[in-house]
2 protein chains.
Amino acid sequence: MHSFLQSSNDLLRQRGYRLTPQRHMILRVIQEADEHLSIDQIMERVQQLNPYVSLSTVYRTLELLKSVGLVRESHLPGEQPLYETAEGHAHHHLICRRCKATFHLDEELLGNLNEQLQKQYHFHGLSLELMAAGYCNECWHKIQQEQTQE
Amino acid sequence: MHSFLQSSNDLLRQRGYRLTPQRHMILRVIQEADEHLSIDQIMERVQQLNPYVSLSTVYRTLELLKSVGLVRESHLPGEQPLYETAEGHAHHHLICRRCKATFHLDEELLGNLNEQLQKQYHFHGLSLELMAAGYCNECWHKIQQEQTQE
DNA sequence: GTTCGTGCAAATACTTTGCAAGTCG
DNA sequence: CGACTTGCAAAGTATTTGCACGAAC
């Protein structure tokens with residue numbers, strides 16, 4: 001886990017960015033989370049490490065980390081944008097609309113769709129994002145109950 | 001085209017909502033567009049029909065139309081949310097990050113993925129949204145040129 | 001007449017920006 | 001030292017809400 005931070009830091013350096021404590025912290029928070037984090041969650045956790053980090057810095061840093069490809073952003077309509085580390089496999093998301101439980105779906109799920117689309121539409125640098133939203137079994141049953149009660 | 005509005009209106013009624021001129025106009029604007037529209041674009045077009053419609057009404061109506069399933073919302077990270085009519089086939093989007101050119105991808109592209117996921121994860125009422133973002137051929141070449149100039 | 005919907009203005013939330021001070025290499 | 005970053009406060013945007021008036025049923 002530590003080596004990830006290390007190589008992330010190296011990557012930033014290569015691109016001519018500095019390794020500030022703030023950037024280090026924000027990156028660490030994102031990489032140590034096993035979930036996606038909203039800006040607020042990131043802010044909260046960073047402030048536990050150092051209460052003086054400002055929200056603007058979080059915004060600016062996320063922008064930076066996105067631009068160098070260390071962090072990915074995803075956005076379910078009607079929700080806050082979510083951030084997660086871009087290390088390891090790209091993957092997709094399955095979310096329960098009610099309890100927000102999230103599952104990661106392997107990228108392979110889409111097979112060679114990426115290449116296929118690039119060819120067919122002559123697109124370049126294509127990235128695919130699949131968002132699957134519905135109700136998990138538990139929430140589904142709760143909803144059924146709620147409705148019969150009315 | 002007119003029959004769509006008709007049946008949409010009926011649907012609203014069934015759900016106990018009223019058929020106000022504003023709702024009618026907003027729905028019409030969305031259904032007549034062959035593209036996705038941002039809130040601003042919708043507002044602009046609605047105001048051409050009647051300059052006194054307020055922005056809050058557009059927000060409120062979109063929320064309503066989403067909730068009854070007449071309109072779909074999609075959201076590419078870092079962009080404005082986009083709205084389009086939900087009539088006809090569900091489909092996915094391929095967008096050029098630079099010029100915003102948009103292509104519609106048939107829902108069938110994903111095969112039986114929906115059913116597959118519902119079974120595997122015990123999810124219900126699942127909807128899939130695939131967003132493919134990259135650079136179209138033209139923009140890609142422009143970007144290459146810009147970079148060699150530096 | 002009662003309920004629902006709208007416009008307006010104000011409130012809220014979210015994000016970006018200018019700038020002076022501080023930090024890194 | 002010079003270039004890059006940060007924090008703070010202010011400005012911008014985007015979205016939601018309270019409420020009185022008007023429209024629909």
Side-chain angles (χ1 to χ4, degrees), chain A residues 5 8-30 36-68 70-71 73-83, chain B residues 5-6 8-29 36-68 70-71 73-83:
Chain A
L5 269 178
S8 304
N9 287 341
D10 291 348
L11 176 60
L12 282 179
R13 272 197 153 145
Q14 283 168 26
R15 305 282 186 110
Y17 299 110
R18 290 187 185 162
L19 307 177
T20 66
Q22 289 89 335
R23 288 178 183 169
H24 193 273
M25 254 186 289
I26 293 170
L27 197 47
R28 182 180 143 199
V29 162
I30 295 175
H36 309 177
L37 300 176
S38 66
I39 297 237
D40 290 344
Q41 290 174 312
I42 293 169
M43 185 63 185
E44 198 179 298
R45 296 180 190 204
V46 167
Q47 291 212 326
Q48 282 173 8
L49 299 173
N50 176 348
Y52 297 105
V53 176
S54 82
L55 187 54
S56 348
T57 298
V58 173
Y59 275 105
R60 283 190 276 226
T61 302
L62 285 174
E63 208 49 47
L64 178 73
L65 295 177
K66 265 199 295 175
S67 78
V68 301
L70 285 173
V71 160
E73 183 184 11
S74 60
H75 208 161
L76 188 67
E79 309 275 336
Q80 290 185 287
L82 297 174
Y83 300 87
Chain B
L5 268 176
Q6 194 55 52
S8 305
N9 287 341
D10 290 349
L11 176 60
L12 281 180
R13 273 199 151 142
Q14 283 169 27
R15 305 283 186 109
Y17 298 111
R18 290 182 184 167
L19 307 177
T20 66
Q22 289 90 334
R23 289 177 181 170
H24 193 273
M25 253 186 287
I26 292 170
L27 197 48
R28 182 181 144 200
V29 161
H36 309 178
L37 302 175
S38 66
I39 296 238
D40 290 344
Q41 289 174 313
I42 294 169
M43 185 63 186
E44 198 178 299
R45 295 180 192 204
V46 167
Q47 292 213 323
Q48 283 174 7
L49 299 171
N50 177 347
Y52 297 105
V53 175
S54 82
L55 187 53
S56 348
T57 298
V58 173
Y59 274 105
R60 284 189 274 226
T61 302
L62 286 174
E63 208 50 45
L64 177 73
L65 296 177
K66 265 198 297 175
S67 78
V68 300
L70 285 173
V71 160
E73 183 184 12
S74 59
H75 207 164
L76 188 65
E79 310 274 335
Q80 290 185 286
L82 296 173
Y83 301 87

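Numbers restart at 1 for each chain; the letters A, B, ... are given by sequence-line order, proteins then strands.
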Excluding sequence neighbours, so at least two apart, what forms side-chain hydrogen bond (donor to acceptor under 3.5 Å, both in side chains) with Glu79(A)?
Lys100(A)
N/O to N/O distances under 3.5 Å, protein versus nucleotides 2-4 of chain D:
{"unit_1": "dA3(D)", "atom_1": "N3", "unit_2": "Arg18(A)", "atom_2": "NH2", "d": "2.9"}
{"unit_1": "dC4(D)", "atom_1": "O4'", "unit_2": "Arg18(A)", "atom_2": "NH2", "d": "3.2"}
{"unit_1": "dC4(D)", "atom_1": "O2", "unit_2": "Arg18(A)", "atom_2": "NH1", "d": "3.1"}

Students often get this wrong, so: under 4.0 angstrom with heavy atoms, is Thr20(B) touching a base, only sugar-phosphate, or nothing?
sugar-phosphate
Listed partners of Arg23(A) passing side chain to side chain contact (heavy atoms under 4.5 Å, CB included), at least two apart:
Tyr17(A), Arg18(A), Thr20(A), Thr61(A), Leu64(A)
Applying ring-ring contact (aromatic ring centres under 6.0 Å, His included), name anything that partners His75(B), two or more places apart in sequence or on another chain.
His75(A)
Which residues pass the side-chain hydrogen bond (donor to acceptor under 3.5 Å, both in side chains) test with Ser74(A), sequence neighbours left out?
none
Taking the axis from the first five pairs and the axis from the last five, what angle separates them in the helix from dG1(C)-dC25(D) to dG25(C)-dC1(D), rounded to 10 degrees?
40°
Contacts of Glu44(B) that satisfy side chain to side chain contact (heavy atoms under 4.5 Å, CB included) - sequence neighbours left out
none
Donor-acceptor contacts under 3.5 Å from residues 49-58 of chain A side chains, at least two apart:
{"unit_1": "Asn50(A)", "atom_1": "OD1", "unit_2": "Tyr52(A)", "atom_2": "N", "d": "2.8"}
{"unit_1": "Ser54(A)", "atom_1": "OG", "unit_2": "Thr57(A)", "atom_2": "N", "d": "3.4"}
{"unit_1": "Ser54(A)", "atom_1": "OG", "unit_2": "Thr57(A)", "atom_2": "OG1", "d": "3.2"}

Nearest heavy-atom pair of His36(B) and Leu82(B): which atoms, and what distance?
CB-CB, 3.8 Å
Using a strict heavy-atom distance below 4.0 Å, which residues from residues 40-53 of chain B are in contact with DNA chain C?
Tyr52(B), Val53(B)
Arg28(B) meets the side-chain hydrogen bond (donor to acceptor under 3.5 Å, both in side chains) criterion, sequence neighbours left out, with Glu32(B)
Terminal contacting nucleotides, 5' and 3', DNA chain C versus chain A (heavy atom, 4.0 Å)
dC14(C) to dG25(C)
Mind checking what makes side chain to side chain contact (heavy atoms under 4.5 Å, CB included) contact with Glu73(A), not counting sequence neighbours?
Lys66(A), Pro81(A), Tyr83(A), Pro77(B)
